[in-house]
Protein chains: 2
Amino acid sequence: MGRTGSTRSEEILTAALELFTRLGYEATTMADIGAAVGVRGPSLYRHVPSKQDILVRIMTRTMEDLLRTHRSALAGVAPDDPVERLRRATEAHVRYHARHRREAFVGNREIRSLVPPHRERVLTLRSEYERCFRDLIEVGVRLGRFDAASARLASYAILDLGMGVAVWFREGGEPGEDAVVWQYGQFALRLVGVRSG
Amino acid sequence: MGRTGSTRSEEILTAALELFTRLGYEATTMADIGAAVGVRGPSLYRHVPSKQDILVRIMTRTMEDLLRTHRSALAGVAPDDPVERLRRATEAHVRYHARHRREAFVGNREIRSLVPPHRERVLTLRSEYERCFRDLIEVGVRLGRFDAASARLASYAILDLGMGVAVWFREGGEPGEDAVVWQYGQFALRLVGVRSG
DNA sequence: GGCTTCCGCTAATGCTCATTAGCACTAAGT
DNA sequence: ACTTAGTGCTAATGAGCATTAGCGGAAGCC
């Protein structure tokens, strides 16, 4: 029984995530979430302070996980090997979006359901993440390894591929996670003009 | 005063589209839409049958437009030139998403706000559109012009790029529509292994 | 002037919700 | 046995919202 998660609040976050993914934040009621964990709506308030707070916890955790994954994917990769760095970053990005499709999906679509103080915080984390990719590409261009007219467009394109994965990917379906990750890593490199995946 | 559009309902659809884009369908109220056209909420019912109907009209019109532009982009392009066909299809796709970002944005995100009979209809149109791209890529692979391990993944990737454009593109911003369209056409070809843009 | 059509308005109506109050039960701990 | 957390429940509360009723005015037509 830790303080943050005492199992019950985790269950609630998980159930809410599933419902937010399927119905959207606005269309999900506290009663729905309660039913998903075997409880009436009002009882949820014993474990979480509000519906908005559920969304906030889900979204900030997601963005932090994503950034953490990104950093650890690049840890130990030579800074002067932009090809390998972009490949690793993209693979981590895509793997995260495949493995945590609900989190990524909600994280992308429900930003507007966040109420001001939190919205800005999440948006800041998000643009920090975007900047990582743009920087990666700019380095590659500067080193003459990439051929991209606009690093910004290329980074948007690569990031958007990940969001797409979160939409259509199904665990246990075909193609599997590894195949998608590999393929999308190749896509990213091709996008910036690297030959032979 | 024509029957379908008598200006007023068009104004309402346009205002609603803007609001749905910014706030989402659920979070937009009839009073909001009314205010945007200078009228109280209930007065809207003189021009449109319901809020849901506004969404339905927006979304079906969007999907039909998209399919129409796709077909006309390919009209007259040699069937045995998959490179040119994919380039044209992608350019039309991206141009549509840049030029009608609100329509495309709402069309992608509010499918779940559509009530059953319509949701299915829109989803059918959408998968018809997806299939066009997959077929295009399969032909290219069969003719040996494309190098794609999975036509399905490649088509998803290309389509997702378009959705991304609808999210971040701003009319009058940089890069402009033509630059984005050209760049994304090149991205699509690179994705399927075509060299030299 | 009287009739009709259009279109806007305010006041219901009838939900659906998030959230709060207040009560009850259980399991420890003492 | 008494108390205290912890957790659930039902019944408010209070707001927001789509939609409907019913009224009134303006414009055109006779």
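Just the heavy atoms: all of them, side chains too, but no hydrogens, waters or symmetry mates, feed the values below. In the text below, chain A, chain B and the rest are named by the order of the sequence lines, each starting its count at 1. Remember, predicted model here, so these are calculated numbers, not experimental data.
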Whole angstroms only, please: what is the [atom1]-[atom2] distance between [X] and [N]?
X       : N      : atom1 : atom2 : result
A:Tyr45 : D:dC9  : OH    : P     : 14 Å
A:Ile54 : C:dA18 : CD1   : C1'   : 11 Å
A:Leu44 : C:dT20 : CG    : C1'   : 14 Å
A:Glu26 : D:dC17 : CD    : P     : 10 Å
A:Tyr25 : C:dC17 : OH    : P     : 14 Å
A:Lys51 : C:dT16 : NZ    : P     : 15 Å
B:Ile33 : D:dC17 : CD1   : C1'   : 12 Å
B:Arg46 : C:dT5  : CZ    : P     : 13 Å

**Study point:** Worked verdict on B:Arg87 versus B:Glu84 for salt bridge (Lys or Arg N to Asp or Glu O under 4.0 Å)
**Key:** CA-CA 5 Å; B:Arg87 188 209 312 281; B:Glu84 191 56 23; 3.3 Å; yes
OP1 or OP2 of [N] less than 4.0 angstrom from a side-chain nitrogen or oxygen of [X], does that happen here?
X       : N     : answer
B:Ser43 : C:dC9 : yes
A:Arg8  : D:dT7 : no
B:His47 : C:dG8 : yes

In terms of side-chain geometry, is the basic nitrogen of [X] or [Y] positioned less than 4.0 Å from the acidic oxygen of its partner?
X        : Y        : result
B:Lys51  : B:Glu110 : no
B:Arg190 : A:Asp147 : yes
A:Arg57  : A:Asp53  : yes

Check your understanding: Where each residue is assigned the nucleotide of DNA chain C containing its nearest heavy atom, which of A:Thr29 and A:Pro42 is assigned the position nearer the 5′ end?
Key ->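 It is A:Thr29 whose nearest nucleotide is closer to the 5' end.
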Exercise for review: Starting from the 5' end of DNA chain C, give me the residue, A:Thr28 or B:Gly38, whose nearest nucleotide shows up first.
Suggested key: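 Nearer the 5' end of the strand: B:Gly38.
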Point to revise | Nearest to side-chain heavy atoms of B:Met30, which nucleotide of D:dC9, D:dT19, D:dG22 | key: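 It is D:dT19.
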Exercise for review: Measure from the side chain of B:Val39, starting at C-beta and using heavy atoms only, and say which of D:dT10, C:dA11, C:dC9 lies closest.
Suggested key: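 So the nucleotide nearest the side chain must be C:dC9.
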Exercise for review: Identify the residue among B:Leu66, B:Val181, B:Leu159 that makes a side chain to side chain contact (heavy atoms under 4.5 Å, CB included) with B:His97.
Suggested key: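 Only match with B:His97 under side chain to side chain contact (heavy atoms under 4.5 Å, CB included): B:Leu66.
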